[in-house]
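See structure below.
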Amino acid sequence: MTTALLELESVSKRFPIGRHGLFRRGHVPHVHAVDDVSFTVGQGETIGLVGESGCGKSTLVRMITRLLDVTDGKIWLDRRAVSEVPAALFARDDDRGHIQMVFQDAGDSINPRFTAFDAIADPLRRLGGLRGEALRARVEEAAVQCGLPVELLERFPHQLSGGQRARVGIARAIGTKPRLLILDEPTAALDVSVQVTVLKLLQQLKAELGLSYIFVSHDLNVVRLLCDRVVVMYLGRIVETGPAQAVFDSPAHPYTRSLINAIPRLDGVRHTEGRLTGEPRSPIDPSPDVCRFYGRCPMGTDRCKTEMPPLHALPGHRQAACHFAA
C-alpha cells in the first residue's frame, strides 16, 4: 500500500456573506464552498480532481497550498498537521517549498516585469535563501529539467511562446524541490500539439523526481490518461472516488455518469442518458438532510430530499455518495 504524503480529514471551508460584525445579531449565512472532504494522496501518486465550475476545487487546492485557512478539519503533509499553521505564517514555514502549484495560464501567473530567470529564482530566494552562483545553478538546473534552453532565461514572458512560458511555470514550481505539485489545468491555455508535449514533460518529471500530483482539470480524457485515482466533487462535497480506470469504465454516481457521458466522441454520437436538467442547489447554508444533487439527479426519490447519502465504500477501493450506488 502506498504511503500517504497528503491527508485531508473532514476539511471544510465556509465563507460568511452579508454584514457580520460586532453589532450583528442573529444568524449569519455562509457559503459552504467545501464541505467535509476527506482523501489521501500517496507518495508518487496522481489524483485527478474533477467537477463542474463552482464545485469547490479551487477553494480546496487553495487550502492544501495553505493560501486559505480551513474552517473545520485537518490537513497533514507527511504526518504533520500543516492546517494548524495559519495561512499568513505558512509562507515562511519550512514545509512551504514542499507544496507548489502550476497555474492554468503561465502568461498570467508570471510577473511581466520578471525575466524567465527571475520568475524561477523568486521562490528560491524567498523559500530557499539561495543567492549568487548557487541560485543561478539551481535555476539553470530546473530549466534544463523542464526542457527550457538556458539562453532563454534572460527573456521576458512576452518574448516566449506559450509552451516556453508553461515550462517556466513548471520550472518555477519544481525549483524548490517540492514533494507535491498542484496542477491547475496546466495545459488549458495551450495549443493541442503543445499540450501533449507538456503532459509528457509532467509524466517524465514525476518519474524522475518522485513527485505526487493533484491534477485539477475539466478535460476528463487527460484525467483518465494521467491519473491513478479520481476524486469527483459536486457543490462542495465528494460524490465519488476510486481508481481512474474503474470510475471511467463504470461510474457509480449519477453525476459522474453525466460528466463522462458529456465527453465529446470522435464518432459524433451524443449520449443523452443521464443528461442533467435544472439548476444546482444553493451553496448558502444547504440543508444537511438533502442530497446536494437532488433536483438535477435523474434517479432522485423522496428519500434523497430527507436523507443525505454518506460517502460509503464500494468494491474495488471505491466510494460513492448515493443511496443507489452498489
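Note that the coordinates shown come from a computational prediction; the quantities given were computed from them, not determined experimentally.
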| Asn111: side-chain hydrogen bond (donor to acceptor under 3.5 Å, both in side chains) partners, not counting sequence neighbours | none
| When you measure from the side chain of His30 to the backbone N and O of Val28, does any donor-acceptor pair fall under 3.5 Å? | yes
| Transitive ILVMFWY cluster of Leu314 at side-chain heavy atoms under 4.5 Å: who else is in it? | none
| task | Consider only side-chain heavy atoms of I, L, V, M, F, W and Y, link residues closer than 4.5 Å, and tell whether Leu89 and Leu77 are in one cluster. | result | yes
| query | Minimum heavy-atom separation for Val223 to Ser217, with atom names? | reply | CG2-CB, 3.9 Å
| Is it true that a side-chain atom of Arg257 and a backbone atom of Pro251 form a donor plus acceptor pair closer than 3.5 Å? | yes
| message | Could you check whether any side-chain N or O of Glu45 sits under 3.5 Å from a backbone N or O of Gly42, counting only pairs where one atom can act as donor and the other as acceptor? | response | yes
| task | State which residues pass salt bridge (charged side-chain N to carboxylate O under 4.0 Å, His left out) with Lys200; sequence neighbours excluded, sorted by chain then number. | result | none
| remark: Taken to the nearest 0.5 Å, the spacing of Lys305 NZ from Ser287 OG works out to 12.0 Å
| Evaluation steps, side chain to side chain contact (heavy atoms under 4.5 Å, CB included), between Ile120 and Val168 | CA-CA 7 Å; Ile120 299 171; Val168 171; 4.1 Å; yes
| said: Strictly by ring pair (Phe, Tyr, Trp, His ring centres under 6.0 Å), give each pair with a member in residues 76-123 just once, sequence neighbours left out. | reply: none
| query | Is Leu181 reachable from Ile110 through a run of hydrophobic residues whose side-chain heavy atoms are each under 4.5 Å from the next? | reply | no
| message | A quick test of your reading: do over 12 heavy atoms of other residues, nucleotides or ligands sit less than 6.0 Å from NE2 of His312? | response | yes
| note | Here the gap from Met63 atom CE to Ser58 atom OG, rounded to the nearest 0.5 Å, amounts to 11.0 Å
| query | Do the side chain of Ser83 and the main chain of Ile75 share a donor and acceptor less than 3.5 angstrom apart? | reply | yes
| side-chain hydrogen bond (donor to acceptor under 3.5 Å, both in side chains) against Arg62, all qualifying residues, sequence neighbours excluded | none
| said: Is the shortest side-chain heavy-atom distance between Thr256 and Val230 below 4.5 Å? | reply: no
| query | Would you find more than 12 non-hydrogen atoms of other residues, nucleotides or ligands less than 6.0 Å from Asp289 atom CG? | reply | yes
| said: Quick one, Asp35 with Arg292, criterion salt bridge (Lys or Arg N to Asp or Glu O under 4.0 Å). Give me CA distance, side-chain angles, the key distance, then yes/no. | reply: CA-CA 11 Å; Asp35 212 347; Arg292 297 286 170 87; 2.5 Å; yes
| Verdict with reasoning, Val232 to Thr241, per side chain to side chain contact (heavy atoms under 4.5 Å, CB included) | CA-CA 6 Å; Val232 184; Thr241 68; over 6 Å; no
Only distances under 3.5 Å count here; give the side-chain donor-acceptor pairs of residues 143-162 to other protein atoms, sequence neighbours excluded, each with its distance to 0.1 Å.
residue, atom, partner, partner atom, Å
Gln159, OE1, Phe156, N, 2.8
Ser161, OG, Gln164, N, 3.2
Ser161, OG, Gln164, OE1, 3.4

| Stepwise salt bridge (Lys or Arg N to Asp or Glu O under 4.0 Å) check, Lys206 with Asp228 | CA-CA 13 Å; Lys206 177 188 173 183; Asp228 303 304; 3.4 Å; yes
| message | For the CZ atom of Arg126 and the CG atom of Leu124, what is their distance to the nearest 0.5 Å? | response | 11.5 Å
| field | Thr59 (side chain) donor-acceptor with Gly56 (main chain) under 3.5 angstrom | value | no
| note | Residues passing the side-chain hydrogen bond (donor to acceptor under 3.5 Å, both in side chains) test with Asn221, sequence neighbours excluded, are none
| message | Filter on salt bridge (Lys or Arg N to Asp or Glu O under 4.0 Å), then keep only pairs touching residues 239-252, sequence neighbours left out; what's left? | response | Arg224-Asp249, Glu240-Arg318
| query | Which residue pairs satisfy the ring pair (Phe, Tyr, Trp, His ring centres under 6.0 Å) criterion with at least one member in residues 205-250, sequence neighbours excluded? | reply | Tyr234-Tyr255, Tyr234-Phe293
| message | Looking at Lys13 and Asp69, would you say the former's side chain and the latter's main chain have a donor-acceptor pair under 3.5 Å? | response | yes
| message | Let me confirm one number: the CD-CG distance from Gln100 to Leu183, rounded to the nearest 0.5 Å. | response | 12.0 Å
| Does the salt bridge (Lys or Arg N to Asp or Glu O under 4.0 Å) test come out yes or no for Lys74 and Glu84, once each step is laid out? | CA-CA 8 Å; Lys74 289 184 181 291; Glu84 295 181 356; 2.8 Å; yes
| field | Cluster check Leu67, Val70: I/L/V/M/F/W/Y, side chain < 4.5 angstrom | value | no
| field | Nearest-0.5 Å distance that lies between atom CG in Leu209 and atom CD in Gln204 | value | 9.0 Å
| field | Asp72 side chain vs Val11 backbone, donor-acceptor pair below 3.5 Å | value | no
| query | If you take all heavy atoms of Val102 and Gly169, which pair is closest and at what distance? | reply | CG2-O, 4.4 Å
| Verify same cluster id: Val31, Val290 (apolar side-chain graph, 4.5 Å) | no
| field | Pairs meeting criterion salt bridge (Lys or Arg N to Asp or Glu O under 4.0 Å) with involvement of residues 100-120, two or more places apart | value | Asp118-Arg125
| said: If hydrophobic clusters are built from ILVMFWY residues whose side chains come within less than 4.5 Å, do Ile99 and Val85 share one? | reply: yes
| task | Mind checking side-chain hydrogen bond (donor to acceptor under 3.5 Å, both in side chains) for Ser10 and listing every partner two or more places apart, or none if nothing turns up? | result | Asp36
| field | Heavy-atom closest contact (Gly163 atom, Val194 atom, distance) | value | CA-CG1, 3.6 Å
| request: Grab the two heavy atoms, one from Leu211 and one from Pro178, that are nearest each other, plus how far apart they are. | output: CD2-O, 3.1 Å
| Is Pro286 close to Leu235 at the side-chain level, that is, under 4.5 Å between some pair of heavy atoms? | no
| query | With respect to Leu6, which candidate in Ile214, Ile47, Val82 satisfies the side chain to side chain contact (heavy atoms under 4.5 Å, CB included) definition? | reply | Ile214
| request: Would you check if the side chain of Gln195 reaches a backbone N or O of Thr187 as a donor-acceptor pair within less than 3.5 Å? | output: yes
| query | Rounded to the nearest 0.5 Å, how far apart are CG of Asp95 and CG of Asp93? | reply | 5.5 Å
| task | Give the intermediate values and the outcome of side chain to side chain contact (heavy atoms under 4.5 Å, CB included) for residues Leu180 and Ile182. | result | CA-CA 7 Å; Leu180 174 68; Ile182 311 291; 4.2 Å; yes
| field | Worked verdict on Glu133 versus Arg136 for salt bridge (Lys or Arg N to Asp or Glu O under 4.0 Å) | value | CA-CA 5 Å; Glu133 287 304 313; Arg136 176 161 292 278; 5.4 Å; no
| Any salt bridge (Lys or Arg N to Asp or Glu O under 4.0 Å) pairs touching residues 163-192, not counting sequence neighbours? | Asp78-Arg179
| query | Within the distance-only criterion (no hydrogens, no angle test), does the side chain of Thr71 pair as donor or acceptor with the backbone N or O of Arg14 below 3.5 angstrom? | reply | yes
| Can any side-chain N or O of His323 pair as donor or acceptor with the backbone N or O of Cys304 at less than 3.5 Å? | no
